[in-house]
Protein chains: 2
Amino acid sequence: MSHSSARLATQVVEEGCPIVEVLDHVAGKWSIGIIVAAAQGPIRFTELERAIEGISRRMLTLTLRRLERDGLLVRTVYPTVPPKVEYTLTDMARELHESFAALVSWAERHRGAIATSRAAYDQEHGGAQAS
Amino acid sequence: MSHSSARLATQVVEEGCPIVEVLDHVAGKWSIGIIVAAAQGPIRFTELERAIEGISRRMLTLTLRRLERDGLLVRTVYPTVPPKVEYTLTDMARELHESFAALVSWAERHRGAIATSRAAYDQEHGGAQAS
DNA sequence: CCGGATCCGATCCGATACTG
DNA sequence: CAGTATCGGATCGGATCCGG
């Protein structure tokens, strides 16, 4: 039937509705970078700040808080002077990291094709379009 | 050395910088839903609109245009009355869909734990926090 | 070193109305 | 059916200043 694909899509996406909410958190602008950067082991605030390069202190803090709240990151404070804070991925987050690695791999493999496609699209739809 | 993890993180994320730009497009609020919904075959505009349920016509159009521009979707117009437009995933997008499926699977498996973690976090950090 | 608080411009996105 | 156009609120995100 011609409906079958639409019905199936409906099911998939409706089931996914709370999922989308989860993914929106996780797919925030900086979340992927943080999780990738933290994947090799505990990492400090300043290390993250320099590692991601482009992130502001504000967004780093906010994103860390959200990831901590979602149970993806554990925050450990060492009461030393100067203070030292380490962020560690939870098991849940390490699983997620594997999917992210696949995503990053995909982006690397196809970003050339994507750029080409964009250029072609922009040229045939009035050359002045934004990113 | 204690630097090694930070150095590695820096490398990974800096290489990923143009990648983040790509992923930002792809990880837009509705992109995943559209790609998942279109994964089983060509799908029409209205079918998408009903399948995703929560998306506005405006956002559907904008997201479709962006995905088309990025070369993830092919738009086919049948000059009939009433008009009929079908959207089809490209091979590149079908690859991406596999990663998305893994992501969705992750979100399904862990959304309970995430909700629990959030509740705990909110309780011990002044109960009134937003989503 | 690791943040929190505030201001403010940029952007996203939904609601609504109109079209071929 | 498949869009486009415009408005206005909400949210994002950078800059800056302050504190433990």
Side-chain angles (χ1 to χ4, degrees), chain A residues 2-3 6 17 20-21 23-34 37-38 42-69 73-88 125-126 129-131, chain B residues 2-3 6 17 20-21 23-34 37-38 42-69 73-88 121 125-126 128-131:
Chain A
S2 63
H3 306 90
C17 260
V20 170
E21 184 194 353
L23 292 180
D24 271 3
H25 275 200
V26 143
K29 185 169 187 184
W30 304 107
S31 305
I32 297 183
I34 290 178
I43 187 167
R44 301 182 59 175
F45 185 89
T46 309
E47 287 175 342
L48 280 169
E49 192 176 4
R50 289 182 306 119
I52 295 179
E53 185 148 14
I55 196 171
S56 64
R57 248 205 318 287
R58 170 187 157 83
M59 288 319 295
L60 179 55
T61 300
L62 288 180
T63 310
L64 286 172
R65 289 294 166 275
R66 178 151 63 176
L67 293 175
E68 187 194 355
R69 186 170 103 105
L73 240 44
V74 174
R75 178 170 177 267
T76 310
V77 181
Y78 299 92
T80 60
V81 278
K84 174 177 170 180
V85 179
E86 277 186 347
Y87 293 91
T88 311
H125 295 76
Q129 229 80 0
S131 167
Chain B
S2 61
H3 304 91
C17 260
V20 171
E21 183 193 353
L23 293 180
D24 270 1
H25 275 202
V26 144
K29 185 169 188 185
W30 305 107
S31 305
I32 297 183
I34 291 178
I43 188 168
R44 299 182 59 176
F45 185 89
T46 309
E47 287 174 343
L48 279 169
E49 193 176 4
R50 289 181 307 118
I52 295 181
E53 185 148 14
I55 195 169
S56 63
R57 208 125 88 241
R58 171 187 154 83
M59 286 319 294
L60 180 54
T61 301
L62 287 180
T63 309
L64 285 171
R65 289 291 168 275
R66 178 153 64 175
L67 292 175
E68 187 194 355
R69 186 170 102 106
L73 240 43
V74 173
R75 181 171 175 267
T76 311
V77 183
Y78 300 92
T80 60
V81 277
K84 174 177 170 180
V85 179
E86 277 184 348
Y87 293 90
T88 310
Y121 184 95
H125 296 75
Q129 231 80 1
S131 166

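Letters A, B, ... mirror the listed sequences (proteins, then strands); counts begin at 1.
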- Item | side-chain hydrogen bond (donor to acceptor under 3.5 Å, both in side chains) partners for B:Arg75, two or more places apart | B:Tyr87

Listed partners of [X] passing side-chain contact (heavy atoms from CB on, under 4.5 Å), at least two apart:
| X | answer |
| --- | --- |
| A:Lys29 | B:Asp24 |
| A:Ser56 | A:Arg58, A:Met59 |
| A:Thr88 | A:Pro42 |

- Message: Quick check against the 3.5 Å criterion: does B:Ser31 have a side-chain atom that pairs as donor or acceptor with the backbone of B:Thr63?
- Response: no

Tabulate protein N/O versus nucleotide N/O from nucleotides 2-5 of chain D, keeping only pairs under 3.5 Å, one per line.
unit_1: D:dA2; atom_1: OP1; unit_2: B:Arg44; atom_2: NE; d: 2.9
unit_1: D:dA2; atom_1: OP1; unit_2: B:Arg44; atom_2: NH2; d: 3.1
unit_1: D:dA2; atom_1: OP1; unit_2: B:Val85; atom_2: N; d: 3.2
unit_1: D:dA2; atom_1: OP2; unit_2: B:Thr46; atom_2: N; d: 3.0
unit_1: D:dA2; atom_1: OP2; unit_2: B:Thr46; atom_2: OG1; d: 2.4
unit_1: D:dG3; atom_1: OP1; unit_2: B:Arg65; atom_2: NH2; d: 3.0
unit_1: D:dG3; atom_1: OP1; unit_2: B:Arg75; atom_2: NE; d: 3.2
unit_1: D:dG3; atom_1: OP1; unit_2: B:Arg75; atom_2: NH2; d: 2.6
unit_1: D:dG3; atom_1: OP2; unit_2: B:Tyr87; atom_2: OH; d: 2.6
unit_1: D:dG3; atom_1: N7; unit_2: B:Arg57; atom_2: NE; d: 3.1
unit_1: D:dG3; atom_1: O6; unit_2: B:Arg57; atom_2: NH2; d: 3.0

- For DNA chain D, consecutive-pair runs of 3 or more (Watson-Crick or G-U wobble, both H-bond-type distances under 3.5 Å) give C:1-20 with D:1-20

Distance (rounded to the nearest 0.5 Å) between [X] [atom1] and [Y] [atom2]:
| X | Y | atom1 | atom2 | result |
| --- | --- | --- | --- | --- |
| B:Thr76 | B:Arg44 | OG1 | CZ | 12.0 Å |
| B:Ile32 | A:Leu23 | CD1 | CG | 4.5 Å |
| B:Leu64 | B:Leu73 | CG | CG | 6.0 Å |
| A:Arg66 | A:Thr61 | CZ | OG1 | 13.0 Å |

- Report the distance from atom CG of A:Leu60 to atom P of D:dC12, rounded to the nearest whole Å. 16 Å

- Calculate the interatomic distance between A:Met59 atom CE and D:dG14 atom C1'; express it in whole Å. 9 Å

- Where chain A begins and ends its contact with DNA chain C, read 5' to 3' at 4.0 Å from heavy atoms: C:dC1 to C:dT6

- Query: What residues form a salt bridge (Lys or Arg N to Asp or Glu O under 4.0 Å) with B:Arg57, not counting sequence neighbours?
  - Reply: B:Glu49

